[in-house]
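Numbered from 1 within each chain, the chains take letters A, B, ... in sequence-line order. Here the structure is a predicted model, which is why all the values come from computation and not from measurement.
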Amino acid sequence: MKNYDHKIIEKKWQEEWDKNKIYKVADEVKGKENFYQLVEFTYPSGNLHVGHWYAFSVPDIFARYKRMSGYNVLYPMGFDAFGLPAENAAIKLGADPKIWTYEHMDKMRLQLRSMGASFDWEREVVTCDPKYYKWTQWMFNQFLKNDLAYRDTTKVNWCPKDMTILANEQVTDGKCERCGNEVEQRDQEQWMLRISKYADRLIDDLDALDWPLEIKSAQKNWIGRSEGSEIEFEVHPHPASPLAKGEVPKAEGVRVFTTRADTLFGVSYIAIAPEHELILKLKDKIENYDEVEKYISDTKKKSELDRQQSKEKTGVELKGIKAINPATGEWLSVWTADYVLAGYGTGAVMGVPQHDERDNAFAVKYNLPIIDKPLVDAKEVTEKVGGKLVSTYRLRDWGISRQRYWGVPIPIVYDTEGKAHPVPDEHLPWLLPTDVDHKPSGVAPLSKSKELLERTEKIFGKGWRPEVETMDTFVDSSWYFYRYLDNNNDKEFSAKEKMESWMPVDLYMGGAEHTTMHLLYSRFWVKALFDLGLVKDAEAYKVRKNRGLILGPDGNKMSKSKGNVIDPDEIVDRLGADTVRLYLAFMGPYGVTVNYPWDPNGVVGVRRFLERVWKLAERITAKPAKDFGAFALGDIGQGTHDSKNSLLASQSKLLHKTIKSISEDMEEHKYNTCISKMMILLNSFDKEEKVSTEDFKTFLCLLAPFAPHIAEELWTELGEKESIHLSLWPKYDENLIKDDEIKIAVQVNGKVRGEITISVDENEEEIKNKGLADENVARHLASKEIKKVIYVKGRLISIVV
RNA sequence: GCUGGAGUGGCGGAAUUGGUAUACGCGCUAGUCUUAGGAACUAGUACCGCAAGGUUUGAGGGUUCGAGUCCCUCCUCCAGCACCA
């Protein structure tokens, strides 16, 4: 046998598996249960990093384990191919975003294949393919018809120099991250999806899901339901104000939202958001309107993030107007303050310095009364003052419009009056035009496409114009898992019977960073489809596991500037895909959000393990010596385990114990301990003079999900004709793992003082006596009086003196 | 600040879920082999101590025959959210 040359065997088997299509998945297989394992598909950045390996090759271990355990496993892969990097390449390098993206996908497909993962590539999904986004647009149309999509104005960060909208994270200290220019808040019309309508169900349906609690609570907090009261306070021009001119003050109402209606008697002022409509309405009655106006325009300069982060409370009193506390009839001053957010609740709060920290800070700063009144029943008082009990949410509707090129065109056209109409289904996919200039100019790139305009006029009539916005890429990833099931269907987004056989997803593994965005958007999307009768489940993911990050060797996040980036291609080239897979799985348990640093020595240690497996195989395949007789290597079948043969019996015992515990750890995604148990087994095999071929083959089966190439190679060397990956996961024999004799500890006052060997059928009294008789134990008992002797079955004896 | 998670050798981590703490791997030390070794193999390796023995799971307390695991107080780190009324 040759040396372990990963380059040769990995290439060979990847080609062989491809050729024989061993990972091709049928929708139904007689006698097998379907198992749908999903991982978040990747953006085609053009280069696979260690994070991708961790995200895809480690879950592949589980997919392979499930397949060997008799399930019909679907483990698909695709590309989330729309998005900003392609467009930035277009702006910077003059690249065509489509060509850029498709070239990157070609490159990444090769890199992904080098993992030796068991993806069924025939089911690949690419979100920028018109065959895919036709259905994204179709779903948008469905939502539009059912009042789940609407047009509204929202505030966005606008960089006047770059003439582009910025995400919150692209704004630092109110300045554009790229050019350093001051960022403005600008009103932007956009298409919105009514995720807020689903807020209650998105919270309540979490209960039935088998998801980690931390994800559930993160989503709950994100949605942020709070139950409280809406109470109206009358607002009057104050009779004493010179602007009131003796008129009978006319009342306006300001509704406040509070979770503490029980503190209504302690209200000392009212504060409204600077954007609140009341300010304009009472413009004429506000004595210090100039000052108020200045405060409002100052507020506009701050991003929402800045407003929320500043610790300092600021505000301006609206002089000349007062509010009345509906419970007490007392006059209250009215303020505008930027700590009150227009988008949350009603955009107005009642200030209760006695019971709220922020209100207290505000009251102290502006010298407002701090009123200490007894609490009342919240429900009762709400009703008494004519308020109502309501829930309010932190979650806002989802704005899906982007003024970008490389995305799904929103399938809307406007008639000559400017009224919006959906592009009828027969014209879908509503294609992304190609004749655009990518240079940012302050308007959406699609507005410069002649082709799109001509298409629109040709179909709908002269004077009609197309929507020029594209969709947020979170839309694309909200439903991709349905498309894997039926990726070539041009009649439906996915056939009902295919969804019937596969959905919901049995296991969804992904990054913790997607907990509140992707995962929540997708849950909303599924519920909307469900309500429209388009899918059969209101939740798509039965089990979700989040994963952590792989850090650089220095314990920091990998980044080019820190120079701590591990290049997987280089390591795969040097040590092999099997080694990288095994090492990533060995670092720690999967499915917990813990970050592990990459240890360049650790990965070599794992390679060593595979080398030793290879050497053991060499011993086994070597020509058996003639006089080995009944024990000849390679000659012992699984049926020949015989307790009279002590050598093989002890070997089998460990083997079967290992099968049992690896199977258990697999189910909990503790791949690290699976590997350590394989190492222990190998250590024991190495010490044996003889190892049966059957036992070694069983070992290879355990190894196969982790290191699929080397396992396949050695399996074939041992004469097997069919792929190891199509064989069955080993079963353990309950009788073989039973111990007749076990060692138990003997404690004196909680400290281990001895160890005795007992046989399983010994009775408790005998065992206790044996323990007391142990030499070292007896020494510690000395002449002390024994108060109690406790025997924990099969574990220990505890003696109390 | 709030919420969630976590603190175990020099390092990544293990611990049958309240029952012999430190499995497995890395690193380190010594040795064997070698022209050489950043290879391979063998042995050792939680800490203190020559030893007997003692100590140890972020700190302190508690429950228990027995606590890394349960309870209370505190400290530190990580993640998410953050003036949410």
Side-chain angles (χ1 to χ4, degrees), chain A residues 212-222 224-226 228-229 256-261 263 271 305 307-314 337-341 343-352 355-359 361-362 392-395 512-513 515-516 546 548-549 551 553 555 582-583 586-589 592-606 608-609 611-612 615 661 664-665 670 672-683 686 743-755 787-801:
Chain A
L213 275 176
E214 65 206 88
I215 303 182
K216 291 187 183 186
S217 59
Q219 291 208 348
K220 277 183 196 170
N221 289 340
W222 184 267
R225 173 165 62 194
S226 58
S229 308
V256 307
F257 174 76
T258 178
T259 53
R260 296 294 310 271
T263 64
L305 216 67
R307 256 173 88 174
Q308 292 170 0
Q309 270 167 354
S310 74
K311 293 272 169 275
E312 175 91 5
K313 304 272 174 297
T314 63
D338 67 7
Y339 81 89
V340 183
L341 303 179
Y344 186 77
T346 60
V349 304
M350 54 185 217
V352 189
H355 293 285
D356 185 287
E357 235 174 272
R358 287 155 303 157
D359 296 349
F362 192 78
T392 191
Y393 305 87
R394 179 189 176 280
L395 182 71
E513 69 274 18
T515 300
T516 47
N546 273 0
L549 297 171
L551 307 172
L582 205 60
Y583 175 60
F586 188 54
M587 285 195 298
V592 292
T593 52
V594 173
N595 302 333
Y596 306 112
W598 178 279
D599 177 358
N601 289 318
V603 72
V604 173
V606 162
R608 235 173 344 238
F609 165 70
E611 303 258 9
R612 288 175 55 211
K615 278 183 192 158
S661 80
E664 287 163 0
D665 289 354
K670 288 154 79 172
N672 55 332
T673 52
C674 292
I675 294 166
S676 98
K677 281 158 193 173
M678 280 189 266
M679 288 170 167
I680 293 169
L681 186 60
L682 180 70
N683 289 346
D686 268 349
K743 283 178 179 170
I744 64 166
V746 187
Q747 295 184 340
V748 179
N749 281 348
K751 289 202 164 120
V752 179
R753 297 301 183 187
E755 189 179 74
K787 290 190 187 129
K788 219 197 281 186
V789 180
I790 298 159
Y791 172 59
V792 184
K793 196 162 184 279
R795 297 250 185 269
L796 50 68
I797 298 168
S798 183
I799 304 164
V800 189
V801 292

If pairing requires Watson-Crick or G-U wobble contacts with both distances under 3.5 Å, which nucleotide is the partner of [N]?
N: B/rC77; result: B/rG5
N: B/rU57; result: none
N: B/rA52; result: none
N: B/rG44; result: B/rC28
N: B/rU69; result: none
N: B/rA23; result: none
N: B/rA85; result: none

So, OP1 or OP2 of [N]: does either fall under 4.0 Å of a side-chain N or O from [X]?
X: A/Lys751; N: B/rU55; answer: yes
X: A/Thr673; N: B/rC24; answer: no
X: A/Lys670; N: B/rA15; answer: yes
X: A/Arg612; N: B/rA39; answer: no
X: A/Asn672; N: B/rG13; answer: no

Regarding [X], tell me which of base, sugar-phosphate or nothing describes its non-hydrogen contacts under 4.0 Å with the strands shown.
X: A/Glu214; answer: sugar-phosphate
X: A/Thr593; answer: nothing
X: A/Arg753; answer: sugar-phosphate
X: A/Gly588; answer: nothing
X: A/Lys743; answer: base
X: A/Val800; answer: sugar-phosphate
X: A/Phe586; answer: base
X: A/Asp359; answer: nothing

Nearest whole angstrom, please: distance from the [atom2] of [N] to the [atom1] of [X].
X: A/Ile790; N: B/rU64; atom1: CD1; atom2: C1'; value: 9 Å
X: A/Phe609; N: B/rC41; atom1: CZ; atom2: P; value: 13 Å
X: A/Ile680; N: B/rA14; atom1: CD1; atom2: P; value: 13 Å
X: A/Trp222; N: B/rC84; atom1: CH2; atom2: C1'; value: 13 Å
X: A/Asn595; N: B/rG7; atom1: CG; atom2: P; value: 14 Å
X: A/Tyr393; N: B/rC84; atom1: OH; atom2: C1'; value: 14 Å
X: A/Arg394; N: B/rA85; atom1: CZ; atom2: P; value: 11 Å
X: A/Leu549; N: B/rG5; atom1: CG; atom2: P; value: 19 Å

If you pin A/Val792 and A/Thr258 to their nearest nucleotides in RNA chain B, which one's is more 5'? A/Val792
Rounded distance [0.5 Å steps], [atom1] in [X] versus [atom2] in [Y]:
X: A/Met679; Y: A/Thr673; atom1: CE; atom2: OG1; value: 12.0 Å
X: A/Asn749; Y: A/Lys787; atom1: CG; atom2: NZ; value: 7.5 Å
X: A/Leu395; Y: A/Arg225; atom1: CG; atom2: CZ; value: 11.5 Å

Is a side-chain N or O of [X] found less than 3.5 angstrom from the main chain of [Y], in a donor-acceptor match?
X: A/Tyr596; Y: A/Pro589; answer: yes
X: A/Tyr583; Y: A/Asp599; answer: yes
X: A/Asp665; Y: A/Lys670; answer: no

Would you indicate which nucleotide in [options] comes nearest to any side-chain atom of [X]?
X: A/Tyr344; options: B/rG19, B/rG13, B/rA85; result: B/rA85
X: A/Val340; options: B/rA85, B/rG25, B/rC26; result: B/rA85
X: A/Asp599; options: B/rA85, B/rC26, B/rG4; result: B/rC26
X: A/Arg795; options: B/rG19, B/rA85, B/rC24; result: B/rG19
X: A/Asn683; options: B/rA40, B/rC84, B/rC24; result: B/rC24

Considering only atom [atom1], compute the distance from [N] to [M] and round it to an integer number of Å.
N: B/rU69; M: B/rU8; atom1: P; value: 13 Å
N: B/rG58; M: B/rU22; atom1: P; value: 16 Å
N: B/rU57; M: B/rA21; atom1: C1'; value: 8 Å

Could you check if the base of B/rU17 is syn or anti? Syn means the glycosidic torsion is within 90 degrees of 0. syn
Using O4'-C1'-N9-C4 for purines and O4'-C1'-N1-C2 for pyrimidines, with syn meaning within 90° of 0, is B/rG9 syn or anti? syn
Does a donor on one side chain sit under 3.5 Å from an acceptor on the other, for A/Asn683 and A/Arg612? yes
